[in-house]
Amino acid sequence: MAKETIQWFPGHMNKARNEVKEIMPEMDIVIEVIDARIPYSSENPMVAALRGQKPVIKILNKADLADPARTQIWLDHLEAQNGVKAIAFDDNKADDVHKIIELCKRMMPNKAESARQIKAMIMGIPNVGKSTLINTLAGRVVAKTGNEPAVTKSQQLIKIDDGIMLYDTPGMLWPKVENEHSGYRLAATGGIRDTAFDFADVASYTAEYLIADYPNLLKARYKTDDLPQTDWEFFEVAGRNRGLLKKGGIVDTYRMSEILINELRSGTLGRITLETPEMMVLEEEVVAQQRLEAEEKKKAKLEEKRLRKKRARKNRK
């Protein structure tokens, strides 16, 4: 993955954003589905801009794949924000879906008490599990699901029992991901199509993180007592232990990198969270500095262009 701003240009993005912007004033509440393994990186900054002051429920989905201790840290962090409630959710506890419905009612007491319909817009980036959650809320299959990002293509209305109307929206990725780390994490968890990044690059980034934060899970899964301290040494050792050998006894490190990412995504490796609120603060500081430098560079180019034009006019006289 190139070490620069990561950009996507899906054709439906602007259309979907405009549709959300148009209908948002009619909504009572927003339900944003995020990935419990990457709560920060899977938050779409456009959601905050579009919802304004409307209350929001953050659903930390796929919580069964995430580190439970870190999930609690994230829940506490999100709940400290104004107008935000947060719930951890996973498919294995589908019966807990009533908690989301109850929370909607508690956050909109006037409508709930008067038996008026609560309008809730559900949003989330591609492949975050939004469609599966909608089907669970509805108690029937009303949204198409799949393992590929961007399955939902258009807006749809879903009537939920207990007086709640869900407004589903297509999964939207924002125009650019400025934080390089977020790009890698989205790639590692499957939030971006595999064709959109260098697979080996993402696997290297992920291995470095796991060696530092989850060494015991790597040791147990790949049967290595002495865990290497670098990504490619790890791929060599783990690949050899798995028998991933090419001609001449050379380890197929690329195949091992695929296995690592696939086992991370499936949860086979263990319950893992790839970021913390503390990491988020440090990374946002870096992004803010990068923005400042980019703005200064832009101003310098404009000034240089202005001076060139001034010199050209002077030479013509």
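Enclosure of atom NZ in Lys219 by more than 12 non-hydrogen atoms of other residues, nucleotides or ligands within 6.0 angstrom is indicated. Other residues, nucleotides and ligands contribute only 12 or fewer heavy atoms inside 6.0 Å of the CD atom of Gln53.
Between the side chain of Gln229 and the main chain of Leu227, a donor-acceptor pair closer than 3.5 Å is present. A side-chain donor-acceptor contact under 3.5 Å links Asn241 to the backbone of Lys223. A donor-acceptor pair under 3.5 Å is absent between the side-chain atoms of Arg242 and the main chain of Met256, judged by distance alone. Not a single donor-acceptor pair under 3.5 Å links the side chain of Glu283 to the backbone N or O of Asn179. Under a 3.5 Å cut-off, the side chain of Thr268 and the backbone N or O of Leu264 do not form any donor-acceptor pair. Side chain of Asn61 to main chain of Val33: no donor-acceptor pair is present (N/O by atom type, distance under 3.5 Å, no hydrogens or angles). Within the 3.5 Å criterion, the main-chain N or O of Ile87 finds no donor-acceptor partner in the side chain of Lys99. Here the side chain of Asn127 pairs a donor or acceptor atom with the backbone of Gly190 at under 3.5 angstrom.
Residues in residues 210-245 take part in these ring-ring contact (aromatic ring centres under 6.0 Å, His included) pairs, two or more places apart or across chains: Tyr222-Phe234, Trp232-Phe235.
Residues Asp213 and Arg70 are paired through a salt bridge, judged by an N-O separation under 4.0 Å between the basic side chain and the carboxylate. Classification of Arg306 and Glu303 as a salt-bridged pair holds, one side-chain N sitting under 4.0 Å from a carboxylate O.
Counting heavy atoms from C-beta on, the side chains of Leu65 and Arg271 never come closer than 4.5 Å. Two residues are said to be in side-chain contact when any heavy atoms from C-beta on lie closer than 4.5 Å; Tyr167 and Ile23 meet this criterion. Side-chain contact check for Lys299 versus Lys301: every heavy-atom pair is 4.5 Å or farther apart.
For the residue pair Glu275 and Ser41, a side-chain donor N or O sits within less than 3.5 Å of a side-chain acceptor on the partner. No side-chain N or O of Glu263 forms a donor-acceptor pair with one of Ser266 less than 3.5 Å apart. Between Asp76 and Gln72, the side chains place a donor N or O and an acceptor N or O closer than 3.5 Å (distance only, hydrogens not considered).
Taking CD1 of Ile134 as the start and CG of Asp168 as the end, the distance is 3.5 Å to the nearest 0.5 Å.
Take Ala66 and apply the side-chain contact (heavy atoms from CB on, under 4.5 Å) test, not counting sequence neighbours, and it matches Ala36, Arg37, Thr71, Thr273.
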